[in-house]
Amino acid sequence: LTGSDKLNFMEASKNGVIPEIFDFIEKTCKNDNLYKEEIGKLTEISLGGKEAKDEMYAAFTLNGTILEVKVNLDGYGSWKNEELLKAVWE
């Protein structure tokens, strides 16, 4: 990342959808034993960007023990991201 992309990523890492996702993971572990067990099996969380800038919610996929998270740095912080995270294990 360079220039404005790097600045946007750094800002999103502090105040945007990225920390919100980690907050959802923490909250889910504290409040639901089923998800806590499944999240405990993760060996890696891979963070990447979405190609389509108009996709406002995060996308989650489970690849073995790796949780892959794709975000648009201009995306929304929303309860919907929490539901999309939980759907990985449903």
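Quick note: residue numbers are just sequence positions, from 1.
Across every non-hydrogen atom of A58 and N81, the tightest pair is N-OD1, 2.8 Å.
Using a 4.5 Å cut-off on side-chain heavy atoms (C-beta onward), E20 and F24 make contact. Within the 4.5 Å cutoff, no side-chain heavy atoms of I21 are placed close to those of L85. Within the 4.5 Å cutoff, the side chain of L67 has heavy atoms near those of the I25 side chain.
Partners of K70 by salt bridge (Lys or Arg N to Asp or Glu O under 4.0 Å), not counting sequence neighbours: none found. Applying the side-chain hydrogen bond (donor to acceptor under 3.5 Å, both in side chains) rule to T61 yields the partners E68; only residues at least two apart in sequence or on another chain are considered. Residues passing the side-chain contact (heavy atoms from CB on, under 4.5 Å) test with T43 are T65, I66, sequence neighbours excluded. Scanning for salt bridge (Lys or Arg N to Asp or Glu O under 4.0 Å) contacts around K80 gives an empty result, with sequence neighbours left out. In this view, E38 and K41, W89 satisfy the side-chain contact (heavy atoms from CB on, under 4.5 Å) rule, not counting sequence neighbours. Under the side-chain hydrogen bond (donor to acceptor under 3.5 Å, both in side chains) criterion, E44 pairs with no residue, sequence neighbours left out.
Atom-to-atom distance recorded for Y57:OH and K50:NZ is 10.0 Å, nearest 0.5 angstrom.
Atom CG of N33 is surrounded by 12 or fewer heavy atoms from other residues, nucleotides or ligands within 6.0 Å. The 12-atom threshold is exceeded at CD of E83, counting heavy atoms of other residues, nucleotides or ligands nearer than 6.0 Å.
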